[in-house]
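Order of the sequence lines sets the chain letters (A, B, ...), proteins ahead of strands, with each chain counted from 1.
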There are 2 protein chains.
Amino acid sequence: MANIRDIAKHADVSVTTVSRVLNEHPYVSKEKRTRVHAAMKELGYLRNQQALTLSTGKTQRVVVILPYMDHPYYGLFVNGLAKAALEHDYRLVMWQTEYKLSEERQALDLLKHREVDGAIVLSHEMSFKEMETYRAYGPIAVATVGAPETISSIHVDHYASFVSGIHVLQEHGYEEIGIILSRSHSPSSLARQQAYFDEVAHAREQWIWTGYLTSEDGIRLAETFLSQKERPRALFFSSDYVALGFLGEMQRRDIKIPQEVAMLGFDGHPIGHAFGLSTMLSPNEEIGRRLFETTLAEMNGAQPETHGMTVSYQVGTTL
Amino acid sequence: MANIRDIAKHADVSVTTVSRVLNEHPYVSKEKRTRVHAAMKELGYLRNQQALTLSTGKTQRVVVILPYMDHPYYGLFVNGLAKAALEHDYRLVMWQTEYKLSEERQALDLLKHREVDGAIVLSHEMSFKEMETYRAYGPIAVATVGAPETISSIHVDHYASFVSGIHVLQEHGYEEIGIILSRSHSPSSLARQQAYFDEVAHAREQWIWTGYLTSEDGIRLAETFLSQKERPRALFFSSDYVALGFLGEMQRRDIKIPQEVAMLGFDGHPIGHAFGLSTMLSPNEEIGRRLFETTLAEMNGAQPETHGMTVSYQVGTTL
DNA sequence: GTATCTTCTGAAACGCGTTTCAGAGCAAGA
DNA sequence: TCTTGCTCTGAAACGCGTTTCAGAAGATAC
């Protein structure tokens with residue numbers, strides 16, 4: 001495969017001139033420009049991206065770190081990221097961690113080894129303290145709360161969002177409320193619990209169910225929930241998929257929603273709409289887009305930014 | 001940032017020796033090895049992946065081409081791909097095409113410019129004839145049928161799968177069957193139509209609905225379907241998400257499934273299980289894994305392979 | 001006519017790790 | 001003793017596009 005030196009020889013110019021033609025530098029005479037173009041065509045020249053990357057030090061890539069690529073929760077984030085990245089001629093390198101710290105470290109090592117220009121972290125086990133040690137090698141943007149000043153954060157304000165969800169439930173007359181959370185120790189779960197205790201007068205420890213991530217978990221939850229003697233009148237889920245699993249199982253058991261128990265989801269995934277799930281709509285695609293854009297801005301010298309997004313109530317029939 | 005030459009100077013050895021230490025080549029004396037390690041530690045050496053890539057000509061990356069990253073249909077494929085890639089220390093570059101030919105071309109251009117070692121195509125607008133023109137630059141594996149010999153294909157055999165789905169419906173006593181397809185001109189849709197006409201005695205043109213991709217499309221379909229005078233007794237969907245949208249909307253309208261119309265989905269997405277959707281389970285994660293592995297094998301000199309996978313019936317309550 | 005720009009060109013160095021090749025030193029086998 | 005074969009080492013070339021720097025030629029300004 002022809003390289004820039006072959007072109008130079010063939011067109012009887014220097015490699016510098018060929019490079020200038022490639023980069024549309026103005027100071028090349030019309031005549032040599034034509035000769036170079038002809039040579040490139042004749043030899044079927046294709047610019048080697050690797051050489052360009054090594055030479056310029058810019059990879060035009062960012063790594064996206066997330067636990068599972070097939071979890072619908074991340075779908076909208078990734079969609080926003082993909083659109084923004086494509087618009088700016090960047091590529092996304094996806095890294096699935098399965099919640100493993102070692103995988104997160106490997107993914108961030110790409111930054112150290114100059115394999116990517118930046119990192120976007122949708123979910124992490126790693127402490128921010130450790131994450132900051134990677135910051136020297138490139139910008140990092142996270143979709144979670146609590147990031148230090150050096151790390152950009154575009155996130156759903158889970159505290160404020162849970163508060164507003166709880167208010168929606170209360171406006172519908174529900175006072176005895178339970179909440180369904182994913183991993184118990186994650187910052188978002190902690191914020192949600194805090195909101196729960198702050199806003200719900202009848203809050204109870206045993207009305208907090210943790211460890212629910214998937215629709216299958218939602219199916220399981222139905223059994224657990226129904227076997228409980230004292231039950232809340234409404235459930236606030238932290239994920240539409242868990243809510244849908246629960247809803248399907250309740251339908252199967254012929255248990256009326258919201259008569260027996262009211263449900264409020266969180267995300268606003270289209271599939272929830274089909275089943276009339278009332279939910280808190282989260283601007284995940286927008287977050288994805290802004291995560292990319294803030295990373296790009298940092299690569300161009302901007303300062304890290306922190307921005308909390310809020311959710312809005314989407315009417316359904318489960319309240 | 002220190003490079004290999006700095007290390008060499010610091011440890012008073014040649015760059016060759018440093019390179020040998022990095023690659024654990026045996027012919028290095030214990031003493032120099034120790035000196036090199038010490039120097040690397042002291043200067044905080046990090047191997048530059050770009051230089052390695054340029055030097056070896058291997059990028060350790062493959063591009064994955066798909067229309068939408070957030071479509072749940074692709075989730076399981078991508079999961080399989082991600083697992084296999086990680087196991088072999090490869091990175092996935094995701095390219096979202098939104099069904100645009102120009103985007104597919106750009107994605108495959110990565111191959112030409114040596115930005116990736118191979119390409120995995122989950123869905124494409126491009127003709128195989130055009131796709132073959134990229135083959136010279138690296139292995140390509142597709143998840144669709146009809147690929148020429150030079151392109152690997154690990155796919156669901158949509159014809160056979162639709163035949164077996166239709167048989168399931170017939171075994172349940174349904175003879176008047178309609179089918180719901182995605183894009184009308186795609187090879188998989190054509191194969192499905194062929195199976196429909198071959199196996200269903202009462203097949204009718206107006207019982208083929210095309211253009212249904214998402215759960216929202218499924219909601220829309222309910223109206224269209226119900227407004228039709230002569231309706232089939234069962235619907236065979238080509239996607240669980242469309243089926244679920246339809247199912248939700250039918251529930252909302254208090255229309256009994258399967259009494260009014262029976263439903264058979266296709267995919268076997270977990271969320272369908274929650275709502276008792278009868279479906280044809282497709283081994284998508286396995287396909288993803290094999291797509292990667294066959295690409296890897298080709299990079300190591302193996303021949304392209306073609307393999308059709310079949311689906312299995314997953315019992316639900318919509319038949 | 002001289003000074004100052006502007007335009008155009010190319011040699012060489014750079015980014016950085018790997019690989020080839022030649023050769024030195026030393027031990028085992030004939 | 002001589003040959004063969006390891007073990008160990010490093011200079012130089014390689015992969016390939018970009019950038020710096022020096023300089024030539026022609027144009028404009030004073």
Side-chain angles (χ1 to χ4, degrees), chain A residues 1-37 39-40 43-61 89 109-117 137-138, chain B residues 1-37 39-40 43-61 89 109-117 137-138:
Chain A
M1 317 214 187
N3 65 30
I4 205 175
R5 274 159 244 262
D6 299 326
I7 303 298
K9 212 168 288 170
H10 203 264
D12 195 24
V13 296
S14 71
V15 292
T16 315
T17 298
V18 178
S19 176
R20 277 196 265 259
V21 171
L22 275 173
N23 294 289
E24 291 173 13
H25 185 103
Y27 288 174
V28 180
S29 67
K30 196 169 255 177
E31 191 228 329
K32 296 210 172 182
R33 189 184 303 276
T34 321
R35 287 220 309 267
V36 168
H37 276 135
M40 292 201 294
L43 302 184
Y45 175 72
L46 292 168
R47 197 208 222 111
N48 182 323
Q49 185 66 31
Q50 292 324 124
L52 203 164
T53 298
L54 174 62
S55 182
T56 61
K58 298 262 116 215
T59 64
Q60 295 287 111
R61 290 188 289 271
D89 197 28
D109 277 346
L110 298 192
L111 219 47
K112 284 195 179 178
H113 296 292
R114 305 221 202 36
E115 220 177 314
V116 295
D117 297 333
Y137 304 97
Chain B
M1 318 213 187
N3 65 30
I4 206 177
R5 275 159 242 262
D6 299 326
I7 303 298
K9 212 168 288 171
H10 204 264
D12 195 26
V13 296
S14 70
V15 292
T16 315
T17 299
V18 178
S19 176
R20 277 195 265 259
V21 170
L22 275 172
N23 294 289
E24 292 173 13
H25 185 103
Y27 290 173
V28 180
S29 68
K30 195 170 256 179
E31 191 228 328
K32 297 211 172 180
R33 189 182 303 276
T34 322
R35 287 220 310 266
V36 168
H37 277 136
M40 292 202 295
L43 301 184
Y45 175 73
L46 291 167
R47 196 208 221 114
N48 182 323
Q49 185 66 32
Q50 293 325 124
L52 203 163
T53 298
L54 175 61
S55 182
T56 60
K58 299 260 115 215
T59 65
Q60 296 287 110
R61 290 188 289 271
D89 198 27
D109 277 345
L110 298 193
L111 219 47
K112 283 195 178 178
H113 296 292
R114 305 224 203 32
E115 220 177 313
V116 295
D117 297 333
Y137 305 98

Between [N] atom [atom2] and [X] atom [atom1], what is the distance in whole Å?
{"X": "A:D12", "N": "C:dG10", "atom1": "CG", "atom2": "C1'", "value": "12 Å"}
{"X": "B:R5", "N": "C:dA13", "atom1": "CZ", "atom2": "P", "value": "14 Å"}
{"X": "B:I7", "N": "C:dG15", "atom1": "CD1", "atom2": "C1'", "value": "16 Å"}
{"X": "A:L52", "N": "D:dG17", "atom1": "CG", "atom2": "P", "value": "8 Å"}
{"X": "A:D6", "N": "D:dG17", "atom1": "CG", "atom2": "C1'", "value": "13 Å"}
{"X": "A:L54", "N": "C:dT18", "atom1": "CG", "atom2": "P", "value": "12 Å"}
{"X": "B:K32", "N": "C:dA24", "atom1": "NZ", "atom2": "P", "value": "15 Å"}
{"X": "A:Q50", "N": "D:dT18", "atom1": "CD", "atom2": "P", "value": "13 Å"}

Non-hydrogen atoms of [X] and [Y] that approach each other most closely:
{"X": "B:L54", "Y": "A:L54", "result": "CD2-CD2, 3.3 Å"}
{"X": "B:R35", "Y": "B:V13", "result": "NH2-CG1, 3.7 Å"}
{"X": "B:H25", "Y": "B:R33", "result": "O-NH2, 3.4 Å"}

For DNA chain D, the residues among residues 13-26 of chain B that have a non-hydrogen atom under 4.0 Å from it
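Residues of residues 13-26 of chain B under 4.0 Å from DNA chain D: B:V13, B:S14, B:T16, B:T17, B:R20, B:P26.
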
According to ring pair (Phe, Tyr, Trp, His ring centres under 6.0 Å), who are the partners of B:H113, at least two apart in sequence or on a separate chain?
none

Closest-nucleotide mapping onto DNA chain D: is B:E31 or B:S55 further toward the 5' terminus? I mean the 5' end.
B:E31

Taking the side chain from B:T53 and the backbone from B:T59, do they hold a donor-acceptor pair closer than 3.5 Å?
no

Select base, sugar-phosphate, or nothing to describe what B:R47 touches, counting heavy atoms under 4.0 Å on all strands.
sugar-phosphate

Distance-only polar pair, side chains of A:S19 and A:T16, donor-acceptor under 3.5 Å
no

Do the side-chain N or O atoms of [X] get closer than 4.0 angstrom to the phosphate oxygens (OP1, OP2) of [N]?
{"X": "B:S29", "N": "D:dT7", "result": "no"}
{"X": "B:K30", "N": "D:dC8", "result": "no"}
{"X": "A:Y27", "N": "D:dA24", "result": "no"}

Between B:V18 and B:Y45, is a side chain to side chain contact (heavy atoms under 4.5 Å, CB included) present by the stated rule, with each step listed?
CA-CA 11 Å; B:V18 178; B:Y45 175 73; 6.0 Å; no

